[in-house]
Amino acid sequence: MGGTLFEIFRQNFAIESRVAADAGQQAGDTKIPGLNQLLASFGGASFKHGLYRIIRAQDMARWNASDLPLRISSI
């Protein structure tokens, strides 16, 4: 089995749409190995008609501070 998980994902899931980063917004270091690379490579992207979506790095703090993930998971 060759390639990193990011390479394998990229080969199997094309980015269909992407929300661009807001000007002047920077994301901090998540301090989680691989997460910075994931967000840099795929942040803001949607795959397979929205089946997979990866938030933008700059939205992490707001996402974590809200109860939005709880509401989505309860749907």
Side-chain angles (χ1 to χ4, degrees):
M1 192 150 92
T4 68
L5 290 178
F6 294 117
E7 292 167 350
I8 294 167
F9 185 89
R10 186 175 279 127
Q11 289 171 0
N12 290 284
F13 297 95
I15 294 175
E16 295 176 341
S17 66
R18 184 173 220 152
V19 177
D22 295 335
Q25 295 283 331
Q26 288 191 351
D29 182 4
T30 65
K31 300 190 180 9
I32 300 171
L35 183 55
N36 292 335
Q37 182 183 357
L38 173 75
L39 295 173
S41 298
F42 302 112
S46 178
F47 311 86
K48 297 282 185 180
H49 306 287
L51 178 62
Y52 300 112
R53 291 180 185 211
I54 299 176
I55 66 170
R56 300 177 304 175
Q58 69 188 51
D59 297 330
M60 290 265 311
R62 185 175 45 166
W63 180 269
N64 289 334
S66 74
D67 65 346
L68 184 60
L70 297 176
R71 285 186 275 146
I72 289 174
S73 65
S74 64
I75 294 175

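Model, not experiment: these values are computed from the prediction.
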*Are F13 and V19 co-members of a hydrophobic cluster defined by side-chain heavy atoms under 4.5 Å apart?*
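The answer is no; the residues belong to distinct hydrophobic clusters.
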*For the hydrophobic clusters of this structure (ILVMFWY residues joined by side-chain heavy atoms under 4.5 Å, transitively), does one cluster hold both L51 and L38?*
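Yes, it is one cluster - the side chains of L51 and L38 are joined through contacts under 4.5 Å.
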_Main-chain N/O of I8 paired to Q11 side chain as donor or acceptor, under 3.5 Å_ =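 Looks like no, no N/O pair under 3.5 Å.
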For [X] and [Y], work out which heavy atoms get closest and say how close.
X	Y	value
I55	M60	CD1-SD, 3.9 Å
G50	E16	N-OE1, 4.2 Å
G44	R56	CA-CG, 3.5 Å
I15	S41	CD1-O, 4.4 Å

*In Å, rounded to the nearest 0.5 Å, how long is the span from CD1 of I54 to CG of D59?*
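If I round to the nearest 0.5 Å, the distance is 13.0 Å.
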_Rounded to the nearest 0.5 Å, what separates atom CD in Q37 from atom OG1 in T30?_
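Here the rounded value is 11.0 Å.
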*Establish, yes or no, whether a centroid distance under 6.0 Å links the rings of Y52 and F42.*
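Ring-ring flag for Y52/F42: false, centres at least 6.0 Å apart.
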*Is R18 atom CZ crowded by more than 12 heavy atoms from other residues, nucleotides or ligands, each under 6.0 Å away?*
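Yes, CZ of R18 has more than 12 neighbouring heavy atoms, counting only those of other groups under 6.0 Å.
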